[in-house]
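Just so it is clear, the model here is predicted, and its values are computed rather than measured. Counting begins at 1 with the first residue of the sequence. Keep in mind that the numbers below use all heavy atoms, side chains included, and drop hydrogens, waters and symmetry copies.
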Amino acid sequence: MPRQVDHAERRRRIADAVCELADERGLEGVTLRDVAARAEVSMGSVQRCFRTKEEMLVFALGHIGERIGARVRARLVRSPAQSAGTALGHAATEVALLREEHRAEARVWLAFVAQAAVSEVLARTVQANYAALQESFARLIEEACADTGAAAGARADTGRAAPLDPRREARALLALADGLTTHVLIGHLTPREAEDVLHTHLARLLPQ
């Protein structure tokens, strides 16, 4: 058992080293030798944990996705005073990675997403992360409709009854949050402006 725990911890250290190097140099600058040096382990240790560089990158990408997912899940722990709509806003903000302390994580995430466009293995990992987040958003949208008495799907902002599809709205919200990450990173929007865009969308989606 101790050897298994040590192996898992070593894999996490290596994943953290991959992320640090990717933030500094981009994924093209990540080498097994540099990862070993940054993680303070031997090349042999890296190769025993991961047979190939691609396998190492897939694990590191999953590591980032799990960190983001863990924060989202923490924000979804509902207290009696927190509505589903409030929880949805918190979760979407976490996914958008708008806060300064998450800026490095946002850079690394987008580096992996760009690489996933030409790597089928990485793409599958990104798709799985998005699918889990979309499911969480859809569930919260359904709950928020019930909380506000809109369980039948009436859209109050349109002035007439119109079906609200939680899955469709979850896809749109996830795409918006993901896009805002890029807009903030390149300086097109400030974090405050991005939050305003996000919360304006949520207010229209789930009017009080």
Hey, is CZ on R99 packed in by over 12 heavy atoms from elsewhere, all under 6.0 Å?
yes
Taking V41's backbone N and O only, do any of them form a donor-acceptor pair with S45's side chain (distance below 3.5 Å, no angle check)?
no
Please step through side chain to side chain contact (heavy atoms under 4.5 Å, CB included) for the pair L133 and S136, ending with a clear verdict.
CA-CA 5 Å; L133 291 170; S136 295; 5.6 Å; no
Could you check whether any side-chain N or O of R13 sits under 3.5 Å from a backbone N or O of A39, counting only pairs where one atom can act as donor and the other as acceptor?
yes
Under 4.0 Å between a side-chain nitrogen and a carboxylate oxygen: does that hold for R139 and E135?
no
Is the count of non-hydrogen atoms from other residues, nucleotides or ligands lying under 6.0 Å from E120 atom CD greater than 12?
no
Under a 4.0 Å threshold between the charged nitrogen and the carboxylate oxygen, would E9 count as salt-bridged to R12?
yes
Salt-bridge contact R103-E100 (side-chain N to carboxylate O under 4.0 Å)
yes
Taking the basic N atoms (NZ, or NE/NH1/NH2) and the acidic carboxylate oxygens, is any pair closer than 4.0 Å for D16 and R11?
no
First locate atom CD of E195, then atom OG1 of T190, and finally report the distance between them rounded to the nearest 0.5 Å.
9.0 Å
E105 bridged to R71 by N-O distance under 4.0 Å
yes
Check: T181 side chain, A96 main-chain N or O, donor-acceptor pair, under 3.5 Å:
yes
Euclidean distance, R107 CZ relative to L185 CG, rounded to 0.5 Å:
7.0 Å
Can you tell whether the side chains of D34 and R25 come within less than 4.0 Å, N to carboxylate O?
yes
Reported CG-to-CD distance for the pair L57 and Q115, which is rounded to 0.5 angstrom:
7.5 Å
Look at the side chain of T200 and the backbone N and O of D196, then say whether any donor-acceptor pair between them is shorter than 3.5 Å.
yes
CG-CH2 distance between L97 and W109, expressed to the nearest 0.5 angstrom:
9.0 Å
